[in-house]
Amino acid sequence: MWSKQQTMTETQAPSPAQPAASNVPFTAPALAAARSTTSASRSSSARLGSSLQIKGEITGSEDLQIDGIVEGPIFLDGHALTVGSTAQLNSEIHAGEVVVYGKSVGDVDASGRVEITKDGSIVGDISCARISIEDGAHFKGRIEIDPARYKAATI
């Protein structure tokens, strides 16, 4: 028959149906290739979390979502800014599109659309090509709408 020793050696041997684990390291070029394929499928964006507080100028060439506290000007060179529901901005904003779920104090200059959601608040002047203010949103300031700005920005 079979002994205990024979049973242990049989269970330790890999079965032909299951491939053995590979010990090939994941190289840097392979990692870079994996990152480039995943980042190519989505647009470039950044996020500042709710626990962050920033004092100073923010500049960038990608979309940005802010959920924390920011004091200082924001320049996004035609990209989108999302002011999250927990965000508190004391900033002059220059962006392509601005969507406000939280609170923003300061002037907003957008080459495209500005949207203030029902829980959003802007205190300051808005200059944009298109605007949307939901019922229940808070806005105090002046609005200048120039649809030609959007056409000029897309050319």
Side-chain angles (χ1 to χ4, degrees), residues 14 17-155:
Q18 296 175 341
S22 174
N23 289 334
V24 178
F26 199 62
T27 62
L31 180 61
R35 284 184 181 156
S36 68
T37 56
T38 58
S39 64
S41 63
R42 59 187 162 125
S43 64
S44 179
S45 64
R47 181 173 180 259
L48 297 175
S50 60
S51 66
L52 294 176
Q53 296 182 15
I54 296 177
K55 290 184 181 182
E57 182 177 295
I58 296 176
T59 60
S61 57
E62 62 185 339
D63 295 348
L64 176 63
Q65 177 175 339
I66 299 174
D67 291 317
I69 299 171
V70 174
E71 246 182 75
I74 300 171
F75 299 95
L76 291 181
D77 193 31
H79 292 275
L81 172 67
T82 302
V83 180
S85 59
T86 59
Q88 296 179 19
L89 275 59
N90 189 0
S91 305
E92 179 183 326
I93 298 170
H94 299 272
E97 286 192 3
V98 179
V99 180
V100 180
Y101 295 95
K103 296 179 180 170
S104 176
V105 176
D107 295 346
V108 177
D109 185 13
S111 57
R113 176 177 63 101
V114 172
E115 178 181 346
I116 309 172
T117 63
K118 66 178 181 172
D119 297 321
S121 171
I122 293 181
V123 176
D125 297 342
I126 298 174
S127 177
C128 60
R130 298 176 292 149
I131 191 161
S132 171
I133 302 175
E134 290 184 4
D135 191 25
H138 177 259
F139 170 70
K140 183 176 182 180
R142 294 182 314 118
I143 300 174
E144 180 182 332
I145 299 173
D146 185 6
R149 292 182 59 179
Y150 180 72
K151 292 176 185 175
T154 57
I155 294 176

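- Contact check for Ile66 versus Val83: no side-chain heavy atoms found under the 4.5 Å cut-off.
- A donor-acceptor pair under 3.5 Å links the side-chain atoms of Glu134 to the main chain of Lys118, judged by distance alone.
- Side chains of Gln65 and Asp63: no donor on one and acceptor on the other come within 3.5 Å.
- In this structure, His79 contributes its side chain and Ser61 its backbone to a donor-acceptor pair below 3.5 Å.
- Side-chain atoms of Ile133 and Ile143, non-hydrogen and from C-beta on, do get closer than 4.5 Å to each other.
- Ion pair Glu115/Arg113 flagged as a salt bridge, since at least one NZ, NE, NH1 or NH2 atom sits closer than 4.0 Å to an Asp/Glu carboxylate oxygen.
- A search for salt bridge (charged side-chain N to carboxylate O under 4.0 Å, His left out) contacts involving Asp107 returns nothing, not counting sequence neighbours.
- Across Gly96 and Ala110, no two heavy atoms sit closer than the pair O-CB, 3.8 Å.
- Within the 4.5 Å cutoff, the side chain of His94 has heavy atoms near those of the Glu92 side chain.
- Looking at Glu97 and Arg130, their side chains come closer than 4.5 Å, going by heavy atoms from C-beta outward.
- Here the closest heavy-atom approach between residue Leu76 and residue Glu62 is recorded as CD2-O, 3.9 Å.
- Looking only at distances, no side-chain donor or acceptor of Ser104 sits under 3.5 Å from a matching main-chain atom of Ile122.
- A donor-acceptor contact shorter than 3.5 Å links the side chain of Thr86 to the backbone of Asp67.
- Using a distance-only test at 3.5 Å, with no hydrogens or angles considered, a donor-acceptor pair links the side chain of Ser91 to the main chain of Gly72.
- Atoms CZ and CD1, from Arg142 and Ile126 in turn, are 11.0 Å apart once rounded to the nearest 0.5 Å.
- Separation of atoms NE2 (His138) and CD1 (Ile116) is listed at 9.5 Å; rounding is to 0.5 Å.
- Screening Leu81, Leu48, Ile93 against Ile58 for a side-chain contact (heavy atoms from CB on, under 4.5 Å) leaves a single residue, Leu48.
- By the 4.5 Å heavy-atom criterion applied to side chains, Leu64 and Ser45 are not counted as neighbours.
- Minimum heavy-atom separation, Gly68 to Leu89: O-CD1, 4.4 Å.
- Between Ile69 and Leu52 the shortest side-chain heavy-atom distance does not fall below 4.5 Å.
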